[in-house]
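Accompanying notes for the structure given below.
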Number of protein chains: 2
Amino acid sequence: MTTPAPSSSLDFALDRTSPVPLYYQLAQQLESAIEHGALAPGSLLGNEIELAGRLGLSRPTVRQAIQSLVDKGLLVRRRGVGTQVVHSQVKRPLELSSLYDDLEAAGQSPATRVLRNEVQPASAEVAAALGIAEGSDVIVLERLRLTHGQPMAFLCNFLPAGLLQLDTAKLEATGLYRMMRAAGITLHSARQSIGARCATVDEAERLEETEGAALLTMQRTAYDSTGRIVEYGTHIYRASRYAFEFQLLVRS
Amino acid sequence: MTTPAPSSSLDFALDRTSPVPLYYQLAQQLESAIEHGALAPGSLLGNEIELAGRLGLSRPTVRQAIQSLVDKGLLVRRRGVGTQVVHSQVKRPLELSSLYDDLEAAGQSPATRVLRNEVQPASAEVAAALGIAEGSDVIVLERLRLTHGQPMAFLCNFLPAGLLQLDTAKLEATGLYRMMRAAGITLHSARQSIGARCATVDEAERLEETEGAALLTMQRTAYDSTGRIVEYGTHIYRASRYAFEFQLLVRS
DNA sequence: AAGTGGTCTAGACCACTCT
DNA sequence: GAGTGGTCTAGACCACTTC
């Protein structure tokens with residue numbers, strides 16, 4: 001097991017007239033070099049000082065670029081040794097992602113059928129979940145998500161009224177999160193709970209399953225960057241057709 | 001909705017003789033100030049330059065401390081505005097955590113019954129999952145996890161043989177991940193898949209459930225910092241007694 | 001216009017790992 | 001002892017938000 005030699009002759013093109021930060025330009029080019037295999041797994045990056053000198057950058061700037069890739073899990077730093085490309089194939093870590101986007105990225109050609117989209121007073125449960133007063137107006141959304149013409153999930157969401165205009169036609173053409181982003185709502189964090197249960201008769205019928213079939217359940221409360229609760233949802237997935245997959249990184 | 005005034009008079013005690021980095025000392029004291037409510041949600045932190053001057057630190061050092069809390073989701077920075085404490089109660093984000101530790105932290109007094117702990121040749125499936133040759137020696141581990149005397153999960157794990165000594169008594173007294181950490185194995189990342197299915201007769205009997213009961217399933221492949229696969233596991237949880245709960249942060 | 005965070009520089013010394 | 005990343009300093013200019 002020999003240590004790989006530093007890959008010395010990579011050409012990075014930095015544009016100082018670009019509004020894109022230099023550390024970010026470097027990080028992106030490093031990332032694509034790793035993805036394309038120009039930087040092999042396990043290979044050393046070469047020391048920061050020399051790299052900074054070669055690129056005409058200061059060391060902190062180079063460090064910032066490298067650190068962002070370490071945070072992404074693509075690189076590992078070891079003091080006294082150097083910075084190496086991680087061996088394993090890192091996929092994306094768990095993101096606060098949209099089911100619609102996930103399916104679309106997986107080439108599953110998702111479709112949405114909006115079953116309900118109306119404003120009504122919040123029940124006690126919904127009010128508590130959204131942190132608003134009972135009886136306040138909330139948007140109630142019920143959607144069926146299909147792939148290849150088959151039902152895959154039943155999505156029920158609640159949003160404080162007035163946060164957003166939810167056009168049914170647009171909802172069927174795209175996802176809820178994409179509409180929120182377009183409305184200037186920047187998601188910050190979410191609290192999720194994933195469980196399972198057996199389908200009731202109603203659920204089975206709605207999802208074209210049999211009674212008692214295994215269902216995955218997910219509840220999510222989403223916050224924007226000011227800490228406001230912007231969405232509460234209860235989702236049900238057919239376990240026969242869906243599983244949550246994700247990559248975790250250890251906080252160090 | 002008035003903007004909260006900067007909380008100006010917080011006293012931070014920095015110890016320059018300590019081996020603990022200054023930025024880390026500051027970050028910890030900020031974090032505990034937030035947790036204890038000395039820094040109220042929504043309150044402004046005061047600008048970095050002034051804070052640096054008051055603490056006798058340089059601005060980059062103060063920034064590093066603040067940035068680490070932003071990464072944790074406790075603070076939000078807005079250009080032209082300032083740095084604020086996030087409103088929502090941030091719990092911990094999803095970690096590559098040990099079920100044992102999670103239960104212990106929740107005061108569930110977990111117990112483990114080791115059903116199997118032996119070395120045997122890897123099957124094709126296990127070899128593929130661990131990235132080793134078929135027929136190589138692997139440790140096979142089967143455990144029942146109980147809380148309050150009731151079965152909660154059935155854990156099946158595979159590890160490359162020779163990585164670790166797995167004493168059955170120690171396994172029953174603590175968790176696998178804690179033993180790996182003690183053996184100098186530093187986890188780096190893991191790929192997980194969470195699904196659901198109905199219990200077979202055997203599974204139902206083992207977990208004291210009824211046939212057809214909903215089960216949560218989890219498969220995990222764990223990597224150390226060099227990218228080596230150090231563990232592959234298939235876990236089954238009683239959905240009536242367990243759900244995955246976690247906080248997600250949006251990558252920005 | 002004033003104040004904030006975002007980026008960047010050019011150095012410095014220390015702690016750790018390897019040979 | 002040589003080489004690496006880890007930490008830290010004291011400035012600088014820019015972009016954005018708010019008034």
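Bear in mind the structure is a predicted one, so any value in this text is a computation, not a measurement. Per chain, numbering begins at 1; letters A, B, ... match sequence-line order.
Distance, A:Glu48 CD to C:dT9 C1': 16 Å, rounded to whole Å. The CD-C1' distance, from A:Gln64 to D:dT7, rounds to 15 Å in whole Å. Atom CZ of B:Arg16 and atom P of D:dC8 are 8 Å apart (whole Å). The CG-C1' distance, from A:Leu51 to D:dG3, rounds to 16 Å in whole Å. The CG-P distance, from B:Leu57 to D:dA10, rounds to 10 Å in whole Å. Rounded to an integer number of Å, the gap from CD of A:Gln84 to P of D:dG5 is 11 Å. Per the geometry, CG belonging to A:Leu75 stands 16 Å off P belonging to D:dT4, to the nearest Å. Going from atom CD1 of A:Ile49 over to atom C1' of D:dG6 covers 11 Å, rounded to whole Å.
Between B:Arg78 and C:dG3, a side-chain N or O to OP1/OP2 separation shorter than 4.0 Å is absent. Side-chain N/O atoms of B:Thr61 include one lying less than 4.0 angstrom from OP1 or OP2 on D:dT9. The side chain of A:Asn47 contributes an N or O atom lying less than 4.0 Å from OP1 or OP2 of D:dT4. Between B:Thr83 and the phosphate of C:dT4, there is no side-chain N or O to OP1/OP2 separation shorter than 4.0 Å.
B:Arg63 comes within contact range of at least one nucleobase, with a heavy-atom separation under 4.0 Å.
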Report task. List the steps and the verdict of side chain to side chain contact (heavy atoms under 4.5 Å, CB included) for A:Val85 and A:Leu75. Result -> CA-CA 5 Å; A:Val85 179; A:Leu75 298 176; 4.0 Å; yes
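Side-chain N/O atoms of B:Glu231 and B:Asn157 include a donor and acceptor closer than 3.5 Å.
Between A:Arg143 and A:Leu176 there is a side-chain heavy-atom pair separated by less than 4.5 Å. Side-chain atoms of A:Gln67 and B:Gln67, non-hydrogen and from C-beta on, never get closer than 4.5 Å to each other.
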Using a cut-off of under 3.5 Å, enumerate the N/O to N/O pairs linking the protein to nucleotides 12-16 of chain C.
{"unit_1": "C:dA12", "atom_1": "N6", "unit_2": "A:Arg59", "atom_2": "NH1", "d": "3.2"}
{"unit_1": "C:dA15", "atom_1": "O4'", "unit_2": "A:Arg79", "atom_2": "NH1", "d": "3.3"}

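Once rounded to the nearest 0.5 Å, the distance linking CG of B:Leu130 with CZ of B:Phe158 reads 8.0 Å.
A donor-acceptor pair under 3.5 Å is formed between the side chain of A:Gln29 and the backbone N or O of A:Ala13. Side chain of B:Gln247 to backbone of A:Ser189: no donor-acceptor contact under 3.5 angstrom is found. Between the B:Gln192 side chain and the B:Met218 main chain, no donor and acceptor come within less than 3.5 Å of each other. No donor-acceptor pair closer than 3.5 Å links the side chain of A:Glu31 to the backbone N or O of A:Leu69.
Contact check of residues 18-26 of chain B against DNA chain C (heavy atom, cut-off under 4.0 Å) returns no residues at all.
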